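Residue numbers start from 1 in every chain, and the chains themselves are labelled A, B, ... in the order their sequence lines are given, proteins ahead of strands. Note that the structure is a prediction, hence the values are computed from the model and not measured.
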Amino acid sequence: MEAFHLLSRGGAKFNKKRFSKDLQLFHSKSSSSSSDSKASTEKTLDGLKTGELPVELDFFKYAPASGSGSGGAGAGLKAKSEAIAKEQDDQREVADRSAPSSPTGKKRKRDAGEDSAPASAPVTLRHKIATTGSNVPPPIERFSDLSDRYRIPPLLLKNLSEHGYTTPTGIQTQGIPILLESRDLAAISPTGTGKTLSYLFPIFAHLSVPSSSRTAESASTGAGVRALILSPTRELAGQIYNESLKLAQGRKWRIVLYSKATGATLAQKEVRDKIDIIISTPLRLVSALKQGTIELKNVRQMVFDEADRLLEQGFLPQIEEIIGACTHPNLRKAVFSATLPAGVESIAKSFLFDPIRVVVGLKDAAAASIKQSLVYVGSESGKLSTLRQLLASSPPLPLLVFVQSRERAAELHQELLYDGVAVDVLHAEMTAKQREESVSRMRQGLTWVMVCTEVMARGMDFGGLRGVLNYDFPQSVQSYIHRIGRTGRAGREGDAITYFTDADAPYLKSIANVVHSSGWPVPSWMLALPKPSKIKRRVLKKMPVERKDIGVVAGRGIGKGDAVRRRDMVRASKRRKASGDVPGDGERGKDAKGRRSEGEE
DNA sequence: AAAAAAC
């Protein structure tokens, strides 16, 4: 109720300049790299290798489906960390999931997800699939149905089952046939429901014979790249690449994860012409086009992952340039995302030909398996202490913490480092190498808390991730849905906590609506808030994560001691891992049903 | 509506 009064006044005012000195102390001092971490990312950099799966690929994925991070009260973070691994092993019954912040004890709705209809119901009903468009091919029931209807290389189905893909998800049942029939597609399916596989499988099925081993009989496919996948971030591109390697096992398809390094490797046309698939971020590809080091004339399949992001202002000109370079008459395009605002969808429709639109579940909805809660923290200064309390009690670990800017990510990372948390950071100001290592440490289970910016909000799949914290309030409903969608993937449970302050009032209502419509309790006054109008949003960018004037630990630089401490922390974390107490341990390789999860968007 | 990300 106190919150309501504060909120109805329209939020507190902040003096940004006041904190600029503190900010300078923090600025660009964050070094996330650790000499101890062995990032085995070289493989993914060399796109020309048809190589093996990175060792770490499946380490962190597929944690148990049941249970939460809540347990013994008052336990410190380290004790907690150790307890959690054990918990995950024998946890079958769902523990008390009411977090300290949970507004009420109301039971969650479980009918918003897939598979709520009886098993005998048609697939479209079971998965809540709605399609529009002409001549929509019927969905499949099982992956094996595909070979009855289409010519599928048997190797592909073998690779599917060998990587644990047993039953197609909703988007896969409908999306795969559509793409196999070479139709354009706009696919909207919640986070963690296997969108990546939905487009990768048809790409490989169409490729059939690798460019490098083409015979006269199959030479009609022409020379050069035949499939192109675009992603808004490097990390997601890398993840898609890793997923594609799963399907590519046993055949010499050449898949290129486009980077500066690969650009140089591809100087000769003969090398380039043997590429089958390119996975890239837009700008990287555009610069290659400008340098004339890549041709896209032979591309017949094009996928826009996180399409609504790719079609935002900043990316759009690059996207247009890339589409312009794909001149093959049989070019088919597909856009995929968990969210597709109407305005962006109409842009997509403008370059799709007679598209089929598939919506799984409700459009712009959060995944049903994520527990969502909104936590009032008063003002900016309340965030850090609330987070410290969370970390000291029963945090959902591993945890991804979203902040609004790179500066704030670096600061919060430092703060938590001082607290002795196995924390890491990822934002776009870091070098490519630092970013790779940060992701790698996360996948290896060396990191319990990753502080990050929006760069990690979409597509990333840390299968074992138990929680997402919106330390800074998300700037849009789409951002919220994608951020919290980093957890609760493939039907597993996840915890999403969102801090809000008085200053977040203008957009609280729209996020509260998402929480509410997902079946989670929300105070009625939140839903009754006025629509976001012209109330000015606070600029968080330069706001230090903690105000100096309220004491505790304010801005400090990094000293030698801190570096040592960091190394020790990683070592300790490794020891825990070695003794089997850390996520990333092989024991977590499967979920409660012993089944593996599907790929991702 | 706005920062972040894309090189």
Side-chain angles (χ1 to χ4, degrees), chain A residues 11 16 23 28 45 228-240 257-264 278-291 293-294 304-323 337 339 341-344 400-410 425-436 438-439 451-460 470-480 482-483 486 503-511 530-543:
Chain A
K16 273 169 273 163
L23 185 65
S28 77
L45 277 178
L228 175 60
I229 301 166
L230 293 175
S231 145
T233 64
R234 277 186 221 143
E235 282 73 20
L236 181 54
Q239 184 178 288
I240 296 165
L257 176 58
Y258 225 83
S259 71
K260 263 194 191 126
T262 49
I278 282 183
I279 304 165
S280 180
T281 52
L283 201 55
R284 184 64 254 170
L285 201 57
V286 166
S287 69
L289 281 170
K290 287 200 170 123
Q291 290 168 8
T293 54
I294 195 69
F304 301 84
D305 205 344
E306 307 298 343
D308 51 335
R309 176 76 186 84
L310 288 174
L311 297 174
E312 274 175 28
Q313 284 310 313
F315 276 123
L316 196 52
Q318 303 157 32
I319 296 297
E320 283 168 345
E321 193 160 344
I322 294 166
I323 292 179
S337 186
T339 55
V344 182
L400 206 52
V401 179
F402 283 98
V403 295
Q404 196 49 47
S405 70
R406 303 161 182 185
E407 287 95 333
R408 286 176 61 81
V425 63
L426 202 155
H427 57 74
E429 207 164 65
M430 293 158 58
T431 66
K433 193 179 171 220
Q434 286 175 324
R435 288 168 65 166
E436 280 162 23
S438 189
V439 169
V451 181
C452 61
T453 59
E454 206 65 16
V455 69
M456 296 303 282
R458 286 171 174 261
M460 294 310 293
N470 289 312
Y471 188 88
D472 291 340
F473 207 71
Q475 298 284 66
S476 69
V477 165
Q478 286 75 26
S479 165
Y480 177 74
H482 286 276
R483 282 180 178 190
R486 295 319 95 213
D504 297 315
Y507 286 88
L508 182 57
K509 182 194 170 83
S510 57
I511 304 299
K531 279 194 176 164
S533 57
K534 303 220 161 74
I535 317 171
K536 259 204 176 162
R537 258 188 96 64
R538 176 186 43 150
V539 182
L540 267 174
K541 190 172 175 352
K542 305 272 180 189
M543 180 77 66

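- In this structure, the side chain of A/Glu306 does not engage the main chain of A/Arg458 through any donor-acceptor pair within 3.5 Å.
- In terms of modelled atom types and a separation under 3.5 Å, the side chain of A/Gln318 and the main chain of A/Leu283 share a donor-acceptor contact.
- Across the protein-nucleic acid pair, A/Glu312 atom CD and B/dA1 atom C1' stand 11 Å apart, rounded to whole Å.
- For the OP1/OP2 pair of B/dA2 and a distance below 4.0 Å, the side-chain nitrogens and oxygens of A/Ser476 include no atom meeting the criterion.
- With rounding to whole Å, A/Leu257 atom CG is found 11 Å from B/dC7 atom P.
- Atom CE of A/Met460 is separated from atom P of B/dA5 by 13 Å (rounded to the nearest Å).
- The two atoms that bring A/Leu310 and A/Phe315 nearest to each other are O-CB, 2.9 Å, heavy atoms only.
- Between the CZ atom of A/Phe473 and the P atom of B/dA2 there is a distance of 16 Å, rounded to whole Å.
- Residues meeting the side chain to side chain contact (heavy atoms under 4.5 Å, CB included) test with A/Leu316, sequence neighbours left out: A/Leu311, A/Glu320, A/Ile347.
- As rounded to whole Å, 5 Å separates atom C1' of B/dC7 from atom CG of A/Leu283.
- When each of B/dA6, B/dA1, B/dA3 is scored by its nearest atom to the side-chain atoms of A/Tyr507, the top-ranked nucleotide is B/dA1.
- Here B/dA2 presents its C1' atom at 13 Å from CD of A/Gln478, a figure rounded to the nearest Å.
- Rounding to whole angstrom units, CG of residue A/Leu230 and P of B/dA5 are separated by 19 Å.
- As a whole-Å value, the separation of A/Leu426 CG from B/dA6 P is 9 Å.
- Contact annotation for A/Pro282: no contact, since no heavy-atom pair falls under 4.0 Å across all strands.
- When the side-chain nitrogen and oxygen atoms of A/Arg435 are compared with OP1 and OP2 of B/dA6, one or more of them lie within a distance under 4.0 Å.
- In the interface, the side chain of A/Arg309 is paired with the base of B/dA4 through a donor and an acceptor atom under 3.5 Å apart.
- Scored by the side chain to side chain donor-acceptor pair (under 3.5 Å) test, A/Tyr480 finds A/Gln372 as partners (sequence neighbours excluded).
- Closest to the side chain of A/His427, from the set B/dA5, B/dA4, B/dA6, is B/dA5.
- Taking 3.5 Å as the limit, the base of B/dA4 and the side chain of A/Arg406 contain no donor-acceptor pair of atoms between them.
- At B/dA5, none of the side-chain N or O atoms of A/Arg284 fall inside 4.0 Å of OP1 or OP2 (strictly under the cut-off).
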